[in-house]
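Remember, it's a predicted structure, so these values are computed and weren't measured experimentally.
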Amino acid sequence: MDTDAFTTCLWFDGQAEEAAQFYVSVFDNSKLGEVVRNTGATPGEEGSVLTVEFTANGQKFVALNGGPEFTFNEAISFQLDCDDQAEIDHYWEKLVEGGGEHGPCGWLKDRFGVSWQVNAKRLTQMISDPDREKADRALKSMMTMGKLDLAELERAYAGEA
């Protein structure tokens with residue numbers, strides 16, 4: 001077994017190649033890999049894309065055109081731990097391009113239905129503070145947000161909001 005990492009397989013209904021290209025465009029350290037086409041041995045049109053290997057932000061993925069039987073839901077999400085507000089803003093807008101939707105508490109869905117948590121490293125530090133009053137203020141503030149606002153979270157954490 002390859003011990004370097006796991007490969008995440010994402011199931012699409014005919015959108016595997018489009019999704020792989022989208023994710024590669026969003027993240028640095030990304031590239032498209034091998035495309036496997038249907039030879040007629042599996043359901044679907046011969047010559048259509050069956051799988052696309054890709055790397056997004058250094059993470060290995062396979063996009064599979066598996067059909068309509070399964071869809072994405074929030075039970076699985078990808079968490080982005082951003083360094084600053086500019087990164088949060090960038091991924092928050094980029095990932096919903098083309099039909100995604102913003103959600104609560106830093107969550108969103110991209111146009112393929114994949115859930116993302118656009119988080120802040122600093123928020124993780126705040127809510128894990130042993131001073132439960134400070135941590136709870138930051139957590140309560142986060143619960144009122146869509147896209148995370150680091151300045152507002154810092155004010156709540158400090159007791160200024």
So for atom [atom1], which belongs to [X], do other residues, nucleotides or ligands contribute more than 12 heavy atoms lying within a distance under 6.0 Å?
{"X": "E45", "atom1": "CD", "result": "no"}
{"X": "E69", "atom1": "CD", "result": "yes"}
{"X": "D28", "atom1": "CG", "result": "no"}

Distance from [X] atom [atom1] to [Y] atom [atom2], nearest 0.5 Å?
{"X": "E17", "Y": "N65", "atom1": "CD", "atom2": "CG", "value": "8.5 Å"}
{"X": "K121", "Y": "C82", "atom1": "NZ", "atom2": "SG", "value": "8.5 Å"}
{"X": "S115", "Y": "Q79", "atom1": "OG", "atom2": "CD", "value": "12.5 Å"}
{"X": "T124", "Y": "D129", "atom1": "OG1", "atom2": "CG", "value": "12.5 Å"}
{"X": "E101", "Y": "L95", "atom1": "CD", "atom2": "CG", "value": "13.0 Å"}
{"X": "D110", "Y": "F72", "atom1": "CG", "atom2": "CZ", "value": "8.0 Å"}

List the atom pairs, donor and acceptor, that lie under 3.5 Å between side-chain atoms in residues 7-15 and the rest of the protein, sequence neighbours left out.
{"from": "W11", "atom 1": "NE1", "to": "G67", "atom 2": "O", "distance (Å)": "2.8"}

Item to complete: Go through the steps to decide whether C105 and M145 satisfy the test side chain to side chain contact (heavy atoms under 4.5 Å, CB included), and finish with yes or no.
Response: CA-CA 5 Å; C105 306; M145 297 178 180; over 6 Å; no
Item to complete: Without swapping roles, check the side chain of Q59 against the backbone of F6 for a donor-acceptor pair under 3.5 Å.
Response: yes
Worksheet item: Is S77 reaching over with its side chain to a backbone N or O of E74, donor-acceptor style, under 3.5 angstrom?
Response: no
Worksheet item: Can you find a pair of side-chain heavy atoms, one from V52 and one from V62, that are under 4.5 Å apart?
Response: no
Discussion item. Do F22 and R111 make a side-chain contact, defined as non-hydrogen atoms from C-beta onward lying under 4.5 Å apart?
Written reply: yes
Practice prompt. Could you give me the CA-CA distance, side-chain angles and deciding distance for L148 and L123, then say whether side chain to side chain contact (heavy atoms under 4.5 Å, CB included) is met?
Written response: CA-CA 9 Å; L148 299 184; L123 175 60; 3.8 Å; yes
Item to complete: Apply side chain to side chain contact (heavy atoms under 4.5 Å, CB included) to Y91 and F27, showing your working.
Response: CA-CA 9 Å; Y91 289 115; F27 299 101; 3.5 Å; yes
Practice prompt. Evaluate the side chain to side chain contact (heavy atoms under 4.5 Å, CB included) criterion for residues S30 and T55: first the C-alpha distance (whole Å), next the side-chain angles of each, then the deciding distance (0.1 Å), finally the verdict.
Written response: CA-CA 5 Å; S30 300; T55 302; 5.6 Å; no
Worksheet item: Which residues pass the side-chain contact (heavy atoms from CB on, under 4.5 Å) test with D89, sequence neighbours left out?
Response: Q85, K147
Worksheet entry | Residues which pass side-chain contact (heavy atoms from CB on, under 4.5 Å) with R122, listed by chain and number, not counting sequence neighbours | Q125, M126, L150, E154, Y157
So if you build clusters from Ile, Leu, Val, Met, Phe, Trp, Tyr with side-chain heavy-atom gaps below 4.5 Å, do [X] and [Y] land together?
{"X": "L64", "Y": "F54", "result": "no"}
{"X": "L80", "Y": "V96", "result": "yes"}
{"X": "I127", "Y": "M142", "result": "yes"}
{"X": "V118", "Y": "M143", "result": "yes"}
{"X": "F112", "Y": "W107", "result": "no"}

Practice prompt. Report the C-alpha distance between N57 and N29 in whole Å, list the side-chain angles of each, state the deciding distance to 0.1 Å, and finish with yes or no for side chain to side chain donor-acceptor pair (under 3.5 Å).
Written response: CA-CA 5 Å; N57 196 37; N29 192 21; 5.3 Å; no
Fill in: Option among V49, L50, T51 that satisfies the side-chain contact (heavy atoms from CB on, under 4.5 Å) test with R37
V49
Discussion item. Any salt bridge linking E160 with R137? Criterion: basic side-chain nitrogen under 4.0 Å from a carboxylate oxygen.
Written reply: no
Discussion item. Would you say the ring centers of F61 and F78 fall short of 6.0 Å from each other?
Written reply: yes
